[in-house]
Amino acid sequence: MYSITNIKNTDIDEVLSLDKECFLDNWSRKELEGIVSRENKTDIVLIYRSDKLSTEYNLPSSLIGYGIVRILSKEGINEITEDKKDPNSEAEILRIQIRKELRNKGLGKKLFSEMMNICNRRFIPKIYLEVRTSNAPAIKIYEQNGFVKTGTRKNYYQNPQEDATLMTKTNL
Ligand SMILES: CC(C)(COP(=O)(O)OP(=O)(O)OC[C@H]1O[C@@H](n2cnc3c(N)ncnc32)[C@H](O)[C@@H]1OP(=O)(O)O)[C@@H](O)C(=O)NCCC(=O)NCCS
């Protein structure tokens with residue numbers, strides 16, 4: 001029905017194209033290649049695909065969304081056992097996007113819970129993110145997953161200019 005997997009080289013073109021549809025500060029091919037090759041030692045990209053939805057909605061490909069998480073830990077991005085946990089480690093949610101045609105169907109929630117699993121399997125005590133203050137669906141998902149508002153950055157985003165809401169989740 002669907003799959004959520006780590007990015008491979010064959011996913012890169014589709015992710016770049018979907019990223020451009022939605023964001024201004026786009027990821028580059030080089031950055032994504034660095035993640036696939038593990039030259040980048042901090043970032044994980046999850047690829048969400050569904051052949052069924054792609055057929056049903058006549059989409060250009062089976063890619064329905066993607067998410068990017070940054071892990072900063074002395075253990076790197078590898079999964080670890082609890083005895084190896086780094087109490088000073090942290091994670092940051094860098095991206096989550098669901099294809100426009102498929103929003104508001106619960107898919108963002110599903111993808112985000114997999115992003116949380118990435119953090120849980122690495123015993124990350126603090127997770128940070130920032131989001132446009134008007135982004136109600138994203139903020140809803142974050143709150144449902146235990147994130148709380150910790151601050152605001154005035155006029156942080158451009159085109160259109162808008163404040164960023166800073167949110168944190170503490171796993172103690
Ligand atoms: C943010 C995003 C990933 C959410 O994905 P989604 O699949 O549309 O979200 P879901 O369908 O899982 O909905 C999540 C919750 O938000 C609610 N919601 C969805 N659209 C909404 C809207 N326009 N206004 C208010 N709430 C909304 C849903 O009802 C659901 O809440 P519920 O559990 O109480 O029903 C998607 O909107 C998106 O790709 N946006 C563009 C990229 C972006 O802004 N990313 C976040 C910053 S990186």
Side-chain angles (χ1 to χ4, degrees), residues 1-7 11-29 31-32 34-35 40 42-72 77 90-120 124 126-170:
M1 288 289 266
Y2 73 86
S3 63
I4 298 180
T5 55
N6 283 327
I7 190 169
D11 298 313
I12 290 179
D13 283 341
E14 289 168 70
V15 172
L16 289 174
S17 139
L18 194 55
D19 193 54
K20 279 203 197 91
E21 278 182 27
C22 187
F23 296 105
L24 296 170
D25 58 329
N26 297 118
W27 284 72
S28 68
R29 173 178 302 281
E31 284 171 315
L32 294 181
I35 292 173
N40 171 322
T42 55
D43 300 342
I44 297 176
V45 181
L46 285 186
I47 300 294
Y48 195 0
R49 289 189 180 276
S50 167
D51 286 329
K52 184 169 178 286
L53 287 173
S54 136
T55 308
E56 201 175 319
Y57 285 83
N58 202 17
L59 301 175
S61 89
S62 65
L63 181 70
I64 58 175
Y66 64 94
I68 310 183
V69 184
R70 176 161 290 165
I71 305 284
L72 299 171
I77 59 173
E90 56 185 69
E92 189 179 356
I93 303 302
L94 299 182
R95 273 287 201 267
I96 176 168
Q97 188 189 162
I98 296 294
R99 199 182 274 286
K100 264 202 307 295
E101 299 89 328
L102 298 174
R103 289 183 193 160
N104 205 4
K105 297 181 188 306
L107 300 170
K109 262 204 295 204
K110 173 75 196 156
L111 177 57
F112 195 72
S113 75
E114 289 302 322
M115 294 164 78
M116 290 296 95
N117 286 339
I118 284 183
C119 300
N120 295 340
I124 305 288
K126 285 257 186 195
I127 313 173
Y128 300 95
L129 62 83
E130 68 220 5
V131 57
R132 280 183 180 269
T133 298
S134 67
N135 195 340
I139 290 173
K140 189 141 195 207
I141 293 177
Y142 303 151
E143 284 174 343
Q144 285 170 344
N145 281 276
F147 281 78
V148 294
K149 182 176 168 179
T150 46
T152 303
R153 269 193 204 128
K154 267 297 186 212
N155 298 329
Y156 180 73
Y157 296 106
Q158 304 305 316
N159 297 320
Q161 193 173 74
E162 190 176 349
D163 296 350
T165 294
L166 310 181
M167 302 183 82
T168 305
K169 178 177 181 175
T170 307

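Note that ligands are numbered from 1 as they come in the structure, with each ligand's atoms numbered from 1 the same way.
Note: Asn6 CG to Leu46 CG = 6.0 Å, rounded to the nearest 0.5 Å.
Summary of contacts: the protein heavy atom closest to atom 19 (C) of ligand 1 is Asn104 OD1, 3.1 Å. Ranking the protein heavy atoms by distance from atom 47 (C) of ligand 1 puts Tyr142 OH, 3.9 Å first. Atom 34 (O) of ligand 1 has Lys140 NZ, 2.9 Å as its closest protein atom, hydrogens excluded (heavy atom only). In terms of protein heavy atoms, atom 37 (O) of ligand 1 is closest to Arg103 CD, 3.4 Å. Looking only at heavy atoms of the protein, atom 4 (C) of ligand 1 is closest to Ile141 CD1, 3.7 Å. Looking only at protein heavy atoms, the nearest one to atom 12 (O) of ligand 1 is Lys109 N, 2.9 Å. Atom 39 (O) of ligand 1 has its closest protein heavy atom at Ile98 N, 2.8 Å. Nearest protein heavy-atom contact of atom 7 (O) of ligand 1 is Gly108 N, 2.7 Å.
For Lys52, the NZ atom counts as loosely surrounded, since its 6.0 Å shell holds 12 or fewer non-hydrogen atoms of other residues, nucleotides or ligands.
Proximity of Asp11 to Leu63: side-chain heavy atoms (C-beta onward) are nowhere separated by under 4.5 Å.
Where the criterion is an N or O separation shorter than 3.5 Å, residue side chain and backbone included, Leu102 fails it with respect to ligand 1. Between Leu94 and ligand 1, no pair of N/O atoms sits closer than 3.5 Å. An N or O contact shorter than 3.5 Å links Gly106 to ligand 1 by distance.
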Step by step, work out the side chain to side chain donor-acceptor pair (under 3.5 Å) result for Tyr2 and Lys110. CA-CA 11 Å; Tyr2 73 86; Lys110 173 75 196 156; 3.1 Å; yes
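Ser113 meets the side chain to side chain contact (heavy atoms under 4.5 Å, CB included) test with no other residue; sequence neighbours excluded.
Under 4.0 Å from ligand 1, not a single heavy atom of Leu111 appears.
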Only distances under 3.5 Å count here; give the side-chain donor-acceptor pairs of residues 143-152 to other protein atoms, sequence neighbours excluded, each with its distance to 0.1 Å.
from, atom 1, to, atom 2, distance (Å)
Asn145, ND2, Ile141, O, 2.8
Thr150, OG1, Leu166, O, 3.2
Thr150, OG1, Thr168, OG1, 3.2

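Residue nearest to atom 3 (C) of ligand 1, selected from Asp19, Ile68, Ile96: Ile96 (by heavy-atom distance).
Side chains of Thr165 and Asp163: no donor on one and acceptor on the other come within 3.5 Å.
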